[in-house]
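Read the structure below first, then the notes.
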Amino acid sequence: MSDTPYNDIDQTPGVYPPDEEPAVAFPWPPGRDESIFDAWGRTWSGSALAPRRFFAMLPRKGPITPAILYYLSIGILVAGAQLFWAMVFGPSGDEVASGIGAEPWAPLMEFLLSPVLLLLSLFISAAVVHVLLKLFGGAGGDFSLTTRIFAYAYSPQILGVIPVAGTIAGFVWMVAVAVIGLKVAHGTTTGRAAAAILIPLGIGLTFMLLAELIVRAGGLLEVPA
């Protein structure tokens with residue numbers, strides 16, 4: 001018999017009835033007699049490597065603080081690694097050319113501001129996606145649920161401790177986990193979950209590309225003194 005949870009009403013895989021708790025306890029926050037490191041490891045492996053089962057265990061209602069603390073633990077760790085690499089290698093060629101982030105104190109400031117920037121990123125991303133999910137008729141829970149899904153879906157971004165390649169791989173992996181998390185926890189379809197994430201992501205990447213092209217064009221048109 002499959003151990004995949006089912007909704008008693010429509011037998012949808014991966015979705016618990018709102019008032020029913022899963023048989024297996026959710027791994028975060030740590031239990032009374034459990035090491036925080038053990039709980040963190042189980043949370044990371046569950047969310048990153050077995051997201052369907054992990055997000056099926058995520059209660060639809062629950063405190064948001066533990067999820068945020070887990071999210072920040074990864075984000076600050078990655079920010080610290082990026083500070084280290086910036087101190088070792090210095091600013092990139094693009095930063096030197098644009099003058100943005102090339103100041104010697106810029107990496108330290110980015111690290112110190114990382115908790116605030118991470119929280120802004122989390123709540124803004126979750127808000128945009130939740131609104132779209134509601135418009136598409138795929139929101140089976142509230143904004144708090146979407147925020148907690150995004151917090152745990154951030155797990156693959158730990159690869160950001162590896163410059164460039166790790167950041168890109170972690171981002172793609174994170175998006176895939178977030179789509180699965182929205183589908184399972186909200187009880188929606190893959191298409192609706194993917195659209196709610198990929199539409200704003202595509203718009204944001206387009207604006208970033210245009211901004212980069214404008215900066216580069218400005219550098220090429222600058223007349224030497």
Side-chain angles (χ1 to χ4, degrees), residues 5 14-82 110-134 138-161 170-171 173-175 177-188 193 196-197 200:
V15 181
Y16 289 100
D19 298 327
E20 181 179 320
E21 291 296 327
V24 180
F26 192 70
W28 191 262
R32 180 175 300 175
D33 300 322
E34 184 179 17
S35 163
I36 188 173
F37 299 105
D38 290 341
W40 193 97
R42 290 198 301 123
T43 303
W44 188 93
S45 61
S47 57
L49 304 178
R52 292 182 186 277
R53 181 176 179 81
F54 177 86
F55 287 107
M57 293 190 298
L58 177 66
R60 288 196 176 187
K61 298 290 185 180
I64 196 174
T65 302
I68 290 178
L69 292 176
Y70 172 79
Y71 166 78
L72 288 176
S73 71
I74 295 176
I76 294 174
L77 174 64
V78 173
Q82 292 174 345
E110 290 178 4
F111 172 74
L112 294 177
L113 292 174
S114 61
V116 175
L117 298 176
L118 285 164
L119 290 175
L120 286 174
S121 175
L122 174 64
F123 285 111
I124 292 174
S125 300
V128 172
V129 169
H130 188 73
V131 168
L132 288 176
L133 203 60
K134 288 181 71 69
D142 57 15
F143 171 67
S144 171
L145 177 61
T146 302
T147 304
R148 288 184 290 131
I149 291 168
F150 269 50
Y152 293 118
Y154 195 72
S155 294
Q157 280 287 53
I158 199 170
L159 293 181
V161 299
F171 180 78
W173 188 358
M174 176 188 68
V175 171
V177 170
V179 171
I180 295 172
L182 289 178
K183 175 188 176 182
V184 173
H186 277 286
T188 187
I197 290 177

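Model, not experiment: these values are computed from the prediction. The basis for the numbers below is simple: all heavy atoms, side chains too, and nothing from hydrogens, waters or symmetry mates. One-based numbering along the sequence shown.
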Note to self: Using side-chain heavy atoms (C-beta onward) and a distance below 4.5 Å, is Pro30 in contact with Trp28?
What the structure shows: yes
Note to self: Are more than 12 heavy atoms, taken from residues, nucleotides or ligands other than Ile36, located less than 6.0 Å from that residue's CD1 atom?
What the structure shows: no
Check: Distance from Leu118 atom CG to Leu113 atom CG, nearest 0.5 Å?
Finding: 10.5 Å
Next item on the list: Identify the two heavy atoms, one from Pro156 and one from Ala48, that lie closest to each other, and give their separation to 0.1 Å.
Entry: CG-CB, 4.3 Å
Margin query: Ring centroids only, cut at 6.0 angstrom: are Phe54 and Phe26 within range, meaning strictly under it?
Written below: yes
Margin query: Looking at Tyr70, is its backbone amide N or carbonyl O close enough to the side chain of Trp40 to form a donor-acceptor pair, meaning the two atoms are under 3.5 Å apart?
Written below: no
Next item on the list: Could you grab the distance from atom CE of Met174 to atom CD1 of Ile158, nearest 0.5 Å is fine?
Entry: 13.5 Å
Checklist line | Over all atoms of both residues, closest heavy-atom pair of Val129 and Ala196 | finding: CG2-O, 3.4 Å
Notebook entry, point to check: Side chains of Pro66 and Arg148: closer than 4.5 Å at any heavy-atom pair?
Noted result: no
Next item on the list: Report yes or no: does Trp44 contribute a side-chain atom to a donor-acceptor pair with the main-chain N or O of Ser155 at less than 3.5 Å?
Entry: yes
Next item on the list: Over all heavy atoms of both residues, which pair between Val128 and Pro200 is shortest? Give the atoms and the distance, please.
Entry: CG1-CB, 3.8 Å
Check: What are the two closest non-hydrogen atoms of Leu182 and Ala193, and how far apart are they?
Finding: CB-CB, 3.8 Å
Next item on the list: Ignoring hydrogens and angles, state whether a donor on the side chain of His130 or Thr147 is under 3.5 Å from an acceptor on the partner side chain.
Entry: no
Next item on the list: Check whether any side-chain heavy atom of Arg42 lies under 4.5 Å from a side-chain heavy atom of Glu34, and answer yes or no.
Entry: yes
Next item on the list: Please report the closest heavy-atom contact between Ile64 and Ser144, naming both atoms and the distance.
Entry: CB-OG, 4.3 Å
Check: Does Tyr71 have any ring pair (Phe, Tyr, Trp, His ring centres under 6.0 Å) partners at least two apart in sequence or in another chain, and if so, which?
Finding: Tyr154
Check: Looking at Lys61 and Asp142, does any basic side-chain N land under 4.0 Å from a carboxylate oxygen?
Finding: yes
Notebook entry, point to check: What is the minimum heavy-atom distance between Val177 and Pro51, and which atoms define it?
Noted result: CG1-CB, 4.2 Å
Notebook entry, point to check: Atom CZ in Phe150, atom CD1 in Ile68: separation rounded to 0.5 Å?
Noted result: 14.0 Å
Next item on the list: Rounded to the nearest 0.5 Å, what's the gap from NE2 on His186 to CG on Leu133? Could you check?
Entry: 5.5 Å
Checklist line | Side-chain (Ser121) to main-chain (Leu117) donor-acceptor, under 3.5 angstrom | finding: no
Note to self: To the closest 0.5 Å, what do you measure between CG (Leu58) and CZ (Arg53)?
What the structure shows: 14.0 Å
Check: Roughly how far apart are Leu119 CG and Ser114 OG, rounded to 0.5 Å?
Finding: 9.5 Å
Check: So do Phe171 and Gln157 actually touch side chain to side chain, heavy atoms under 4.5 Å?
Finding: yes
